[in-house]
Visitor: 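Dumping the structure here so I can ask a few things about it.
Numbered from 1 within each chain, the chains take letters A, B, ... in sequence-line order.
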There are 2 protein chains.
Amino acid sequence: MTLVNKVSQTDDPHVARLMGAAFDEIRRALAVDDWQGLRTSHFRVIEAVPDDGISITELSGRVRMTKQGCGQFVAQLTDSGHLRTVPDPSDRRSRIVRRTAKGTRLIRRVQARIADVESTWAERVGAERYSVFRDVLLTVAESQQPVA
Amino acid sequence: MTLVNKVSQTDDPHVARLMGAAFDEIRRALAVDDWQGLRTSHFRVIEAVPDDGISITELSGRVRMTKQGCGQFVAQLTDSGHLRTVPDPSDRRSRIVRRTAKGTRLIRRVQARIADVESTWAERVGAERYSVFRDVLLTVAESQQPVA
DNA sequence: TATTGTTATACTCTATAACTATA
DNA sequence: TATAGTTATAGAGTATAACAATA
């Protein structure tokens, strides 16, 4: 192996690899529970539904997903009783998506599990440093451009 | 909407959502370049190949992927000239996967792009806070259990 | 018997395109 | 004409199962 063919491996893993590993831990923590067929993507969609309802098109923008894909998840979550849709009185093409009480309970359970993971992380690195971590992540996420 | 049906939305997004948004930014930064058909998963696999080579089974463990899936990416990266495999002299069932010089150049390009993203993040939040962020992420990633 | 790696298969996620009903 | 949402289709990613060759 020539020197030109060497690449730093474990000494300086980039942020994508690190976040991937962190994600994996969340995935495994969620996998412990029984979610009755609902998967991570369902959580992402239902979490983006605001308390006062939203159209599918607008929801798809929030979760950075096509409205086709988003509509599928909404349909499944409606079948499972976590969402319901009502006609939009001001536009008969549109349907307003709302959470049911069951959907709200689901979100709370998901959020509690993730909060558990965050607690263990905060314990591992210390509350102060974890708070900086979270704040940096928030700043980075908020400074994103909307979907082009 | 009853109070029992309310869920905090934007005020306290959990870490999975935040990391998802950050990931998206990396994905978009990489999408600017032409990678000749290689995708993020190829990067993940080739980056995990150490300088001195590795078997497919061990590689699949590193990238937390089945050996079947890993073998597919190795095959594609071999076809594209980024990896090559040599027989393992000590075990005729096994093949040793190595990076070619082309593969090494690819990794360097990927890592440079991600480093660019990290630079902009560090600028947004300040170098010191970004360094804490990175360190927390490293600690969390390193304290993971290996695949069960 | 156990392990390395392959082939076959299937499911999830998500994208594009084409369509309908309504605006 | 443009937009909301649906249906159809396909490709990317990754899993399980069954297998051949070798240990």
Visitor: Of all residues at least two apart in sequence or in a different chain, which pass the side chain to side chain contact (heavy atoms under 4.5 Å, CB included) check with A/Thr57?
Guide: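 Checked A/Thr57 against side chain to side chain contact (heavy atoms under 4.5 Å, CB included); matches are A/Ser55, A/Lys67.
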
Visitor: Mind calculating the distance between CG (B/Leu59) and P (D/dT14) to the nearest angstrom?
Guide: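 Atom CG in B/Leu59 sits about 13 Å away from atom P in D/dT14.
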
Visitor: Quick check: on DNA chain D, is the nucleotide nearest B/His42 upstream (toward 5') of the one nearest A/Gly71, or the reverse? Name the residue that is more 5'.
Guide: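 Per heavy-atom nearest nucleotide, the more 5' residue is A/Gly71.
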
Visitor: If the condition is side chain to side chain contact (heavy atoms under 4.5 Å, CB included), which residues does A/Val86 pass it with, not counting sequence neighbours?
Guide: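 Result, side chain to side chain contact (heavy atoms under 4.5 Å, CB included) vs A/Val86: A/Arg84, A/Ile96, A/Arg98.
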
Visitor: My understanding is that only residues two or more places apart in sequence, or in another chain, count here; which of them pass side-chain hydrogen bond (donor to acceptor under 3.5 Å, both in side chains) with B/Asp79?
Guide: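 B/Asp79: no side-chain hydrogen bond (donor to acceptor under 3.5 Å, both in side chains) contacts found.
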
Visitor: Please list each protein N or O that sits under 3.5 Å from an N or O in nucleotides 17-22 of chain D, with the distance.
Guide:
from	atom 1	to	atom 2	distance (Å)
D/dA17	N6	B/Gln68	NE2	2.6

Visitor: Sequence neighbours left out, what passes side chain to side chain contact (heavy atoms under 4.5 Å, CB included) with A/Arg109? Give chain and number order.
Guide: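 By the side chain to side chain contact (heavy atoms under 4.5 Å, CB included) rule, A/Arg109 matches A/Asp33, A/Trp35.
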
Visitor: How long is the line joining CZ of B/Phe73 and P of D/dA15, in whole Å?
Guide: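 After rounding, the reported distance stands at 10 Å.
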
Visitor: Measure the distance from CD1 on A/Ile56 to P on D/dT3 and round it to the nearest whole Å.
Guide: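 From A/Ile56 CD1 to D/dT3 P: 18 Å.
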
Visitor: For A/Arg92, which residues count as a side chain to side chain contact (heavy atoms under 4.5 Å, CB included) partner, sequence neighbours excluded?
Guide: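 Expected list: none.
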
Visitor: With sequence neighbours excluded, tell me which residues meet ring pair (Phe, Tyr, Trp, His ring centres under 6.0 Å) with B/Phe133.
Guide: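 B/Phe133: ring pair (Phe, Tyr, Trp, His ring centres under 6.0 Å) contacts with A/Phe133, B/Tyr130.
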
Visitor: Closest nucleotide of DNA chain C for B/Ser94 versus for A/Ser90: which of these residues is on the 5' side?
Guide: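 Mapping each residue to its closest nucleotide by heavy atoms, the 5'-most match is B/Ser94.
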
Visitor: State whether B/Thr66 places a side-chain N or O below 4.0 Å from either non-bridging phosphate oxygen (OP1 or OP2) of D/dT14.
Guide: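 B/Thr66 to D/dT14 OP1/OP2: no side-chain N or O under 4.0 Å.
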
Visitor: When you list every nucleotide of DNA chain C with an atom under 4.0 Å from a heavy atom of chain A, which one comes first 5' to 3', and which comes last?
Guide: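 Nucleotide range in contact with chain A: C/dT12 to C/dA23.
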
Visitor: Using atom CD of A/Gln76 as one end and atom C1' of D/dT6 as the other, report the distance to the nearest whole Å.
Guide: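 Rounded to the whole Å, the gap is 14 Å.
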
Visitor: Does a donor on one side chain and an acceptor on the other come within less than 3.5 Å for A/Arg99 and A/Thr104?
Guide: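 Result is yes, a qualifying pair exists.
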
Visitor: With nearest nucleotides of DNA chain C determined for A/Ser41 and B/Ile96 from heavy-atom distances, which residue corresponds to the more 5′ nucleotide?
Guide: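 The 5'-side residue here is B/Ile96.
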
Visitor: What is the distance from CZ of A/Arg27 to C1' of D/dA15, rounded to the nearest Å?
Guide: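 Result: 13 Å.
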
Visitor: Could you give all pairs that pass the ring-ring contact (aromatic ring centres under 6.0 Å, His included) test and reach residues 53-84 of chain B, with sequence neighbours left out?
Guide: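 Sorted pair list: B/His42-B/Phe73.
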
